[in-house]
Amino acid sequence: MNGIVRPKGYNVSWHSNPDIEKHHFGHAHPMKPWRLTLAKGLIMSYGMHTAMDTYVSRMATREELEDFHSAEYMEYLKTAKVALPDDDNPKEFNLGSSDCPIFEGLFNYCSMYAGASIDAARKLCNEEADIAINWSGGLHHAKKAESSGFCYVNDIVLAILQLLRKHPRVLYIDIDVHHGDGVEEAFWSTDRVMTLSIHKYDGYQFFPGTGDLDRTGPDSEENPGAHHAINVPLADGIDDEQYVWLFKTIVGMCVDRFRPTAIVLQCGADSLAGDRLGRFNVQVQGHGACVAYCKSLNIPLLLVGGGGYTPRNVARAWAHETSIAIGCDANLNPIIPAHTPYRSHFRHDTIFPTLDQILGEPRPNKNPDKKIREIVASITEQLRFVNM
Ligand code: ZLV
Ligand code: CA
Ligand code: ZN
């Protein structure tokens with residue numbers, strides 16, 4: 001079946017739940033859980049599920065959610081009622097805002113994607129998986145007591161808290177086009193988690209408006225979290241060559257200095273070219289090269305999803321990255337199998353749509369090489385302050 005074989009002595013676990021995909025944020029909202037159906041269809045039509053341990057994930061319990069979130073916020077999230085369109089009540093916990101609408105089944109949706117990330121992290125802790133995958137997770141903006149930017153519960157923080165039960169040091173890497181502010185904030189004061197986010201940054205306009213190069217951790221040197229936040233602010237239009245070079249260079253330096261015993265990679269697909277909200281020119285190949293590089297480090301790896309607002313491209317990237325995880329990427333026929341569900345969604349200018357070819361107006365690259373080198377120089381200097 002398309003050259004898919006289970007890798008010997010290497011376990012990949014895949015955590016998903018079809019009920020997650022059925023939720024709707026609202027007609028005009030860019031977040032479409034249905035993109036997960038498209039990704040799953042592609043993964044399964046290639047037969048990749050046969051090479052992984054597949055789990056239908058369960059809901060996280062209230063106790064598990066309250067490992068990070070406040071009990072008051074979780075209670076409100078559970079009981080929040082879908083508001084009428086003209087209801088302008090004050091928005092507690094930012095719930096009911098246009099970014100974070102209250103929709104039917106919201107609490108179940110949150111509990112399921114969080115349950116999947118928690119289970120995936122536990123598979124790594126028990127050494128039952130070398131790579132664990134939850135494409136429905138990666139919701140990096142949620143705070144202890146606040147929803148933000150389409151994220152209600154921070155499954156990444158919950159997963160890292162699980163990993164910290166066994167692992168002394170966790171490296172969090174975020175390739176979503178937005179700054180991973182919620183995860184950064186949650187681990188701001190500890191030296192057991194290093195956070196690295198690569199994102200579009202223009203000072204204030206592009207959401208969430210944080211993530212400048214100088215944002216490196218708490219100011220006080222006595223605080224163990226000092227220097228453990230790494231931010232890579234980029235301008236529009238970065239291409240594969242620059243992005244992958246930057247990724248490998250910076251992640252390589254972080255691994256050398258911090259020596260993580262587990263890695264969490266948030267694979268937000270809104271950093272791809274042609275994304276409805278994104279601004280970069282990264283291709284499926286370049287995005288996947290980041291996953292391949294993390295895999296090559298041979299450190300337990302958790303892959304989560306994140307943003308991604310052009311569903312056919314999100315599905316392409318996460319299917320390609322699943323193939324990298326199980327090691328069959330080189331053997332895949334790039335032409336999307338004829339029996340793939342919703343195959344017509346992948347067709348644009350060609351009758352033979354491929355896994356790696358995405359359509360998107362190229363954006364002018366506003367990232368001079370000099371700037372890219374300056375970013376690396378600044379992070380090199382920052383890492384000198386991280387104790388080995
Ligand atoms: O990909 O939104 O700019 C992880 C992730 O990182 C804003 N929100 C907020 C701040 C005030 N505004 C605007 C509110 C708009 C509400 C609805 C949209 C609707 C249609 C098209 C675009 C948007 C939109 N919203 C674009 N950017 C925003 C951001 C939030 C981005 C979250 C990224 C989440 C899953
Ligand atoms: Ca990011
Ligand atoms: Zn994003």
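Indexing begins at 1, ligand by ligand and atom by atom, following the structure's order.
For the Zn ion (ligand 3), the nearest N, O or S atom contributed by His178 is named ND1. Sorting the N, O or S atoms of Asp270 by how far they are from the Zn ion (ligand 3) puts OD2 first. Nearest N, O or S atom of Asp174 to the Ca ion (ligand 2): atom OD1. For Asp176, the N/O/S atom at the shortest distance from the Zn ion (ligand 3) is named OD1.
Considering both main-chain and side-chain atoms, His140 comes within under 3.5 Å of ligand 1 through a nitrogen or oxygen pair. Between His29 and ligand 1, no pair of N/O atoms sits closer than 3.5 Å.
Residue contacts with ligand 1, taken as heavy atom pairs separated by less than 4.0 Å, do not involve Phe206 at all.
Shortest contact from atom 19 (C) of ligand 1 to any protein heavy atom: Pro30 CD, 3.5 Å. For atom 27 (N) of ligand 1, the nearest protein heavy atom (residue, atom name, distance) is Leu277 CD1, 4.0 Å. The single protein non-hydrogen atom nearest to atom 25 (N) of ligand 1 is Asp99 OD1, 3.2 Å, given as residue, atom name and distance. The closest protein non-hydrogen atom to atom 24 (C) of ligand 1 is Phe150 CZ, 4.1 Å.
Note that atom 5 (C) of ligand 1 has protein non-hydrogen atoms nearby, at separations under 4.0 angstrom.
Atom CD of Glu241 has 12 or fewer heavy atoms from other residues, nucleotides or ligands within 6.0 Å. The number of heavy atoms from other shown groups lying within 6.0 Å of CG (Asp219) does not exceed 12. Under a cut-off of 6.0 angstrom, the local environment of OH in Tyr342 is sparse, with at most 12 non-hydrogen atoms contributed by other residues, nucleotides or ligands.
A side-chain donor from one of Gln266 and Asp176 sits under 3.5 Å from a side-chain acceptor of the other. In this model, a donor atom of one side chain and an acceptor atom of the other lie less than 3.5 Å apart for His178 and Asp270. In this model, a donor atom of one side chain and an acceptor atom of the other lie less than 3.5 Å apart for His227 and Glu221. His140 and Asp181 share no donor-acceptor pair across their side chains, judged by distance under 3.5 Å alone. Side-chain atoms of Gln242 and Asp369 include a donor-acceptor pair closer than 3.5 Å.
The Met31 neighbourhood of ligand 1 comprises atoms 35 (C), with distances under 4.0 Å to a heavy atom of that residue. Within ligand 1, the atoms closer than 4.0 Å to a non-hydrogen atom of Gly307 are 1 (O), 4 (C), 35 (C), numbered from 1 in the order shown. Those atoms of ligand 1 that come under 4.0 Å of a heavy atom in Asp270, given as number and element, are 1 (O). Close contacts between ligand 1 and Leu139 involve ligand atoms 35 (C) [criterion: under 4.0 Å to a heavy atom]. Against a heavy-atom cut-off of under 4.0 Å, Tyr309 is close to the following atoms of ligand 1: 1 (O), 4 (C), 5 (C), 33 (C), 34 (C), 35 (C).
A search for side-chain contact (heavy atoms from CB on, under 4.5 Å) contacts involving Asn17 returns Asp19, Ile20, Val56, Ser57, Met112, not counting sequence neighbours.
For Ile198 atom O and Asp176 atom O, the angle they make at the Ca ion (ligand 2) is roughly 70°, to 10 degrees.
In summary, Val177 places no N/O/S atom under 3.0 Å from the Ca ion (ligand 2), failing the contact criterion. The Zn ion (ligand 3) lies at 2.8 Å or more from every N, O or S atom belonging to His140. The distance from the Ca ion (ligand 2) to the nearest N/O/S atom of Ser197 is under 3.0 Å. The Ca ion (ligand 2) has an N, O or S atom of His178 under 3.0 Å away, backbone or side chain.
Ring orientation note: the planes of His199 and Tyr201 are nearly perpendicular, at an angle over 60° on the 30°/60° scale. Below 30°, between 30° and 60°, or above 60°: for Phe25 and Tyr109 the angle between ring planes is above 60°, a perpendicular geometry.
For the pair Arg215 and Trp188, the cation sits on the ring face: its NZ or CZ lies under 6.0 Å from the ring centre, inside 45° of the axis.
Residues Asp53 and Arg6 are in side-chain contact: their nearest non-hydrogen atoms beyond the backbone lie under 4.5 Å apart.
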